[in-house]
*Asks:* 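Just passing along the structure, written as structure tokens.
What you see is a predicted model, and the numbers here were worked out from it, not measured in a lab.
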Amino acid sequence: MPFTANRQFKAHPRLLASAKGMYYTATDGHQILDGTAGLWCVNAGHGRKPIVDALCRQAETLDYASSFNIGHEDSFRAATEISAMMPAGMDRVFFTNSGSESVDTALKMALAYHRARGEGGRTRLIGRERGYHGVGFGGISVGGISPNRKAFSGVLLPGVDHLPHTHDLEHNAFSRGQPAWGGEHFADALENIVALHDASTIAAVIVEPLAGSTGVLLPPKGYLERLRAITEKHGILLIFDEVITGFGRLGAATASEFFGVKPDLLTFAKGVCNAAVPAGGVAVRREIYDTVVDASQGGIEFFHGYTFSAHPMATAAILSTLAIYRDEDLFNRAKGLAGRFEDAAHSLKGVRHVIDVRNLGLVAGIELTPRPGKPGARASEVFAKCFDKGVLVRYTGDIIAISPPLIIEEKQIAQIFETIGAVLATVD
């Protein structure tokens with residue numbers, strides 16, 4: 001099982017049978033309030049009938065169509081609707097099947113762009129410590145979570161460097177929203193990397209605007225703006241990995257919109273189709289697309305793709321999901337709930353074992369003191385006990401992460417954090 005302690009799971013399995021709205025139902029019949037939107041992805045809630053109906057119609061009409069040299073209309077409709085939600089000018093979309101594939105695709109695009117414009121020496125990629133960019137070799141290479149890397153360290157991409165992460169408990173513990181300290185301090189590390197390697201060797205910098213899988217690490221005020229300024233200064237592409245932050249998580253269509261910082265490429269997945277089927281993609285500035293295409297002497301311009309790129313079932317799910325987001329105004333709904341969500345999260349300040357609470361939009365991280373010699377054990381126990389009490393949370397290391405569907409009600413927000421508090425009172 002992926003990212004699972006298999007022996008522990010098989011000794012005490014947690015099995016889900018069905019899902020509807022805000023709730024899962026386990027095989028033993030008890031309901032579990034979904035505090036994590038599945039895995040940061042079921043933004044519109046479970047079992048949405050318009051999506052189910054769209055998938056059924058599509059399966060009967062066109063179950064599969066290759067995107068190699070042929071296509072189908074819904075792929076272009078989906079790309080058009082996605083591009084309308086992206087920052088201005090990012091109106092070229094390449095479809096993938098996951099966040100991992102989206103990241104590897106974006107990295108390839110960055111390399112292809114510089115080669116097409118006559119700067120093929122720009123091959124170096126810059127990630128960030130504690131960054132998570134999926135499990136492809138490209139994503140692991142630019143990622144910065146050591147357990148994900150160590151078993152494969154001998155075969156990761158060469159020419160990769162890493163920025164420092166943005167987490168600083170000494171200055172920013174219990175921040176509400178973006179931390180006040182460290183924006184330029186953390187971003188200016190990129191200038192040191194440029195000085196070390198020279199800008200002429202660097203193709204792209206990739207960061208999550210808000211790092212989710214590593215435990216909700218927030219960008220300090222001014223950080224993303226400074227990264228954008230430095231990359232533009234040196235002709236380096238900036239990639240935002242928005243697999244988690246895209247499609248309403250921060251109360252906007254993208255984190256780029258929320259922060260007012262425009263990247264050159266933007267990866268997405270998860271919430272784009274409400275996790276109904278595997279789907280993802282990369283939104284790209286038109287200039288990058290045009291440069292790669294126009295540099296070709298004919299034939300295939302970009303040697304990359306997947307059997308299931310723009311799969312008809314995926315585009316059907318995307319189109320119906322985006323319609324729900326629009327018709328129910330879910331992004332603004334999330335924005336309106338953010339203050340209540342923040343207050344509920346910070347009610348855990350002072351609770352046993354809690355050393356930090358941080359939040360932005362409908363995302364919160366609760367950091368716990370680790371047990372001596374047993375990192376992650378305390379958070380793992382909190383996860384298991386919350387599940388038994390009917391609330392699904394996520395943990396990474398000793399950090400509890402909360403990211404509910406955007407349809408959540410205020411009483412359900414309260415239930416999530418009250419349950420965490422009650423469980424913490426019972427955990428040694």
*Asks:* Kindly give the heavy-atom pair with the smallest separation between F341 and P404, and that separation in Å.
*Replies:*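 Between these two residues, the closest heavy atoms are CE1-CD, 3.8 Å.
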
*Asks:* My understanding is that only residues two or more places apart in sequence, or in another chain, count here; which of them pass salt bridge (charged side-chain N to carboxylate O under 4.0 Å, His left out) with R358?
*Replies:*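 Expected list: D356, E367.
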
*Asks:* In terms of heavy-atom contacts, does CZ of R333 have more than 12 from other residues, nucleotides or ligands at under 6.0 Å?
*Replies:*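 Enclosed.
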
*Asks:* Do the side chains of D74 and R77 get close enough for a salt bridge, i.e. N-O under 4.0 angstrom?
*Replies:*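 Counted as a salt bridge, because a side-chain N and a carboxylate O are separated by less than 4.0 Å.
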
*Asks:* Does atom NZ of K385 have more than 12 heavy-atom neighbours, drawn from other residues, nucleotides or ligands, at distances under 6.0 Å?
*Replies:*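 Result for NZ/K385: enclosed.
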
*Asks:* Verify, without hydrogens or angle tests, whether T96 (side chain) and S98 (backbone) share a donor-acceptor contact under 3.5 angstrom.
*Replies:*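 Yes.
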
*Asks:* If the condition is ring-ring contact (aromatic ring centres under 6.0 Å, His included), which residues does H304 pass it with, not counting sequence neighbours?
*Replies:*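 Per chain and number, H304 pairs via ring-ring contact (aromatic ring centres under 6.0 Å, His included) with F94, F302, Y306.
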
*Asks:* Please check this pair: side chain of R249 against backbone of L362, looking for a donor-acceptor N/O pair closer than 3.5 Å.
*Replies:*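 It does hold such a pair.
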
*Asks:* Nearest 0.5 Å, what's the CZ-CZ distance between F240 and R228?
*Replies:*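 So the gap between those two atoms works out to 7.5 Å.
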
*Asks:* If we ignore hydrogens and angles and just use 3.5 Å, is the side chain of H162 paired with the main-chain N or O of V142 as donor and acceptor?
*Replies:*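 Such a contact is found between H162 side chain and V142 backbone.
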
*Asks:* Rounded to the nearest 0.5 Å, what separation is found between the OG1 atom of T201 and the NE2 atom of H114?
*Replies:*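 Here the rounded value is 10.5 Å.
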
*Asks:* Could you tell me which residues satisfy salt bridge (charged side-chain N to carboxylate O under 4.0 Å, His left out) with R326, sequence neighbours excluded, listed by chain and number?
*Replies:*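 Testing R326 for salt bridge (charged side-chain N to carboxylate O under 4.0 Å, His left out), a comparison that skips the adjacent residues, returns E81.
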
*Asks:* So, for Q178 and L360, which heavy atoms are closest and what is the spacing to 0.1 Å?
*Replies:*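 Heavy atoms of Q178 and L360 come nearest at N-CD1, 3.9 Å.
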
*Asks:* Got a sec: does the CZ of F68 have more than 12 other heavy atoms crowding it under 6.0 Å?
*Replies:*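 Counting other residues, nucleotides and ligands, CZ of F68 exceeds 12 neighbours.
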
*Asks:* Would the distance check show the side chain of T231 and the main-chain N or O of L237 forming a donor-acceptor pair, the cut-off being under 3.5 Å?
*Replies:*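 Such a contact is absent between T231 side chain and L237 backbone.
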
*Asks:* Rounded to the nearest 0.5 Å, what's the gap from CZ on F387 to OH on Y24? Could you check?
*Replies:*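 Interatomic distance, F387 CZ to Y24 OH, rounded to 0.5 Å: 10.0 Å.
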
*Asks:* Counting N and O atoms only, with roles assigned by atom type, does the side chain of S83 sit under 3.5 Å from a partner on the main chain of A79, one being a donor and the other an acceptor?
*Replies:*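 Checking the backbone N and O of A79 against the side chain of S83, a donor-acceptor pair under 3.5 Å is found.
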
*Asks:* Which heavy atom of L424 sits nearest to which heavy atom of H353, and what is that distance?
*Replies:*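 Heavy-atom minimum between the residues: O-CD2, 3.8 Å.
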
*Asks:* Parallel, tilted or perpendicular: which fits the ring planes of H311 and Y64, with parallel below 30° and perpendicular above 60°?
*Replies:*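 H311 vs Y64 ring planes: tilted.
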
*Asks:* Could you go step by step and tell me if R48 and E328 meet the side-chain contact (heavy atoms from CB on, under 4.5 Å) rule?
*Replies:* CA-CA 12 Å; R48 297 303 304 266; E328 298 183 9; 2.4 Å; yes

*Asks:* Within a 6.0 Å radius of atom CD on E119, are there more than 12 heavy atoms belonging to other residues, nucleotides or ligands?
*Replies:*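 Counting neighbours around CD of E119, more than 12 heavy atoms of other residues, nucleotides or ligands fall under 6.0 Å, so yes.
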
*Asks:* Of all the heavy-atom pairs spanning D264 and M90, show the shortest one and how long it is.
*Replies:*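 Looking at all heavy atoms of both residues, the closest pair is O-CE, 3.5 Å.
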
*Asks:* Are any non-hydrogen side-chain atoms of P179 and D168 less than 4.5 angstrom apart?
*Replies:*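 No. Closest side-chain heavy atoms not under 4.5 Å.
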
*Asks:* For residues T321 and V272, determine if any side-chain heavy atom of one lies less than 4.5 Å from a side-chain heavy atom of the other.
*Replies:*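 When only atoms from C-beta onward are counted, V272 and T321 do not touch, as no gap falls below 4.5 Å.
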
*Asks:* Is it the case that atom NZ in K335 sees more than 12 heavy atoms from other parts of the structure closer than 6.0 Å?
*Replies:*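 Atom NZ in K335 is not crowded, with 12 or fewer foreign heavy atoms closer than 6.0 Å.
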
*Asks:* Between I318 and F95, is a side-chain contact (heavy atoms from CB on, under 4.5 Å) present by the stated rule, with each step listed?
*Replies:* CA-CA 11 Å; I318 289 169; F95 284 111; 3.8 Å; yes

*Asks:* Using side-chain contact (heavy atoms from CB on, under 4.5 Å) as the criterion, list what pairs up with F3, not counting sequence neighbours.
*Replies:*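 In terms of side-chain contact (heavy atoms from CB on, under 4.5 Å), with neighbours along the sequence ignored, F3 is linked to Y132, V135, N148.
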
*Asks:* Can you list the residues that meet the side-chain contact (heavy atoms from CB on, under 4.5 Å) rule with E257, with sequence neighbours excluded?
*Replies:*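 For E257, the residues satisfying side-chain contact (heavy atoms from CB on, under 4.5 Å) (neighbours in sequence not counted) are A252, A253, T254.
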
*Asks:* For T36 and G38, indicate whether the former's side chain and the latter's backbone hold a donor-acceptor pair under 3.5 Å.
*Replies:*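 Yes; at least one donor-acceptor contact below 3.5 Å.
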
*Asks:* Would you say K270's side chain and G99's backbone share a donor-acceptor pair under 3.5 angstrom?
*Replies:*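 It does not hold such a pair.
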
*Asks:* For V194 and I236, what are the C-alpha separation, side-chain angles and deciding distance, and is it a side-chain contact (heavy atoms from CB on, under 4.5 Å)?
*Replies:* CA-CA 10 Å; V194 171; I236 300 167; 4.0 Å; yes

*Asks:* Shortest non-hydrogen contact from A276 to L55?
*Replies:*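 Looking at all heavy atoms of both residues, the shortest contact is CB-CD1, 4.1 Å.
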
*Asks:* Answer yes or no: is there a side-chain heavy-atom contact under 4.5 Å between I402 and I420?
*Replies:*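 Yes; the side chains approach each other to less than 4.5 Å.
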
*Asks:* Below 4.0 angstrom, N of the basic side chain to O of the carboxylate: do R371 and E381 qualify?
*Replies:*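 Salt bridge present between R371 and E381.
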
*Asks:* Return the CD to CD distance between E191 and E184, rounded to the nearest 0.5 Å.
*Replies:*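 With rounding to 0.5 Å, CD (E191) is 11.0 Å from CD (E184).
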
*Asks:* Judged by atom type as modelled, is there a donor-acceptor pair below 3.5 Å linking the side chain of T267 to the main-chain atoms of V282?
*Replies:*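 Side chain of T267 to backbone of V282: no pair is present.
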
*Asks:* Under the 3.5 angstrom rule, does the side chain of H346 hit a backbone N or O of S175 as a donor-acceptor pair?
*Replies:*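 Yes: the side chain of H346 pairs with the backbone of S175.
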
*Asks:* Any donor-acceptor pair under 3.5 Å linking the side-chain atoms of R394 with those of S403?
*Replies:*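 Their side chains do not contain a donor-acceptor pair, so the 3.5 Å distance test is not met.
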
*Asks:* Relative to each other, are the rings of Y325 and F331 parallel, tilted or perpendicular (30° and 60° limits)?
*Replies:*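 Because their plane-to-plane angle lies in the 30° to 60° range, the rings of Y325 and F331 count as tilted.
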
*Asks:* Check this for me: F258, atom CZ, are more than 12 non-hydrogen atoms of other residues, nucleotides or ligands nearer than 6.0 Å?
*Replies:*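 Yes, enclosed.
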
*Asks:* Taking everything shown except E73 itself, do over 12 heavy atoms lie less than 6.0 Å from its CD?
*Replies:*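 At most 12 heavy atoms, drawn from other residues, nucleotides or ligands, come within 6.0 Å of this atom.
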
*Asks:* Flag the pair W181 / Y223 as yes when their ring centroid distance falls below 6.0 Å, and as no otherwise.
*Replies:*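 That pair fails the under 6.0 Å test.
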
*Asks:* With sequence neighbours left out, what residues match P375 under side-chain contact (heavy atoms from CB on, under 4.5 Å)?
*Replies:*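 P375 satisfies side-chain contact (heavy atoms from CB on, under 4.5 Å) with D398 once adjacent residues are dropped.
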
*Asks:* Working to the nearest 0.5 Å, report the span between CG of L33 and CD1 of I413.
*Replies:*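 One finds 10.0 Å between CG of L33 and CD1 of I413.
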
*Asks:* Do I244 and S213 pass the side-chain contact (heavy atoms from CB on, under 4.5 Å) test, and can you show the C-alpha distance, the side-chain angles, and the key distance before you say yes or no?
*Replies:* CA-CA 9 Å; I244 282 176; S213 295; 3.8 Å; yes

*Asks:* I need the minimum non-hydrogen distance between Y395 and G376, along with the two atoms involved.
*Replies:*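 The answer is CE1-O, 4.2 Å.
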
*Asks:* For the backbone of G139 and the side chain of D104, can you confirm whether one donor and one acceptor N or O come within less than 3.5 Å of each other?
*Replies:*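 Answer holds: yes.
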
*Asks:* Got a second to check how far I51's CD1 is from N274's CG, nearest 0.5 Å?
*Replies:*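 Rounded to the nearest 0.5 Å, the CD1-CG separation comes to 4.0 Å.
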
